[in-house]
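Below is one structure; the comments refer to it alone.
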Amino acid sequence: MANLSFLLPILALSFSSVFVAYASTIQDFCVTNPLSQGNSECKDPKLVEANDFFLSGLHIAGNTSNPAGSKVTPVFASQLPGLNTLGISLARVDIAPWGINPPHTHPRATEIFTVLEGTLEVGFITSNPENRHFWKVLQKGDVFVFPIGLIHYQRNIGYGHAVAIAALSSQNPGAITIGNAVFGATPDVASEVLVKAFQLDKNTVNYLQSKF
Ligand SMILES: *[C@@H]1O[C@H](CO)[C@@H](O)[C@H](O)[C@H]1NC(C)=O
C-alpha cells in the first residue's frame, strides 16, 4: 500500500479551518474582535459583555423616501458582533405603499420572512431553464420562505405602510440587487454585453447605467 503520510498535514489543515469557520464546535461564541482588522480572530472571551449580544432600535421605521420606496435595516454580524460564526441574522424591512424591495439574492442564506403590518406581494424565481415564478400576497402574520441563492422581491400593494421581519441563515448573508449589480457595477460591464444580454439598444443601456 502506498505511503499516505504526506496527506496528514493536509488533513490537519482542513480540520483546523473547519474549527475556525464553526467556532461553536469548540467554544460557546466568537464575538467579532473590533481590533482584528478583517481576520477571523474572536474577541477575548474574558472581555465579552452582554452588550456584544445586544442591539436596540428595531422598532424605528426605516426611511422609505427613496426611488424604490423601501428600506432594509440589517442586524448582521457587522451590526451585532455576538452573531459572528452563529449562522443566523435578521433584518427589518419597511416598504411604503406601492414601494418595492427590488429583485435581489442572498448568496449565503435562506430567508424566512413574516409580515408585521400591511400587505405585501412577494415572490422568487427558480434556476434555469424553468425559471418558475412562485408568488403570493401576504397579510399580517403570514410567513414565506425564499430559498438560498434565488432571486426574490417584495412589493407593497397599497394598504398602508408595510413592515416585515426577515430572518436569514447566515450572520453575513450578503445581498446582490440584480439591477444595481448588472447596471451599476464598478467598473462598468461593457455596454455591448448588456445590449445582447437584455436585448436593449445602446442608448437604453447607457440610460440604465446612469440610473444605477
Ligand atoms: C428620509 O430620506 C430623505 C431622502 O434622503 C431625506 O430628505 C429625509 O430628510 C429623510 N427623513 C428622515 C425623517 O430622516
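Atoms within each ligand, like the ligands themselves, are counted from 1 in listed order. If you read the sequence from its start, that first residue is 1, and numbering goes on from there.
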Exercise. For atom 4 (C) of ligand 1, find the nearest protein heavy atom and state the residue, atom name and distance (0.1 Å precision).
Key: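 Result: Ser65 O, 3.6 Å.
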Exercise. Report the nearest protein non-hydrogen atom to atom 8 (C) of ligand 1: residue, atom name, distance rounded to 0.1 Å.
Key: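 Checking every protein heavy atom, the shortest distance to atom 8 (C) of ligand 1 gives Asn63 ND2, 3.8 Å.
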Could you verify whether a donor N or O on one side chain and an acceptor N or O on the other, from [X] and [Y], lie under 3.5 Å apart?
X      : Y      : result
Gln171 : Ser89  : no
Glu111 : His152 : yes
Glu121 : Tyr153 : yes
Asn63  : Asn66  : no

Quiz prompt | Test item: protein heavy atom less than 4.0 Å from atom 14 (O) of ligand 1 | solution =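 Answer yes: something from the protein, a heavy atom, is under 4.0 Å.
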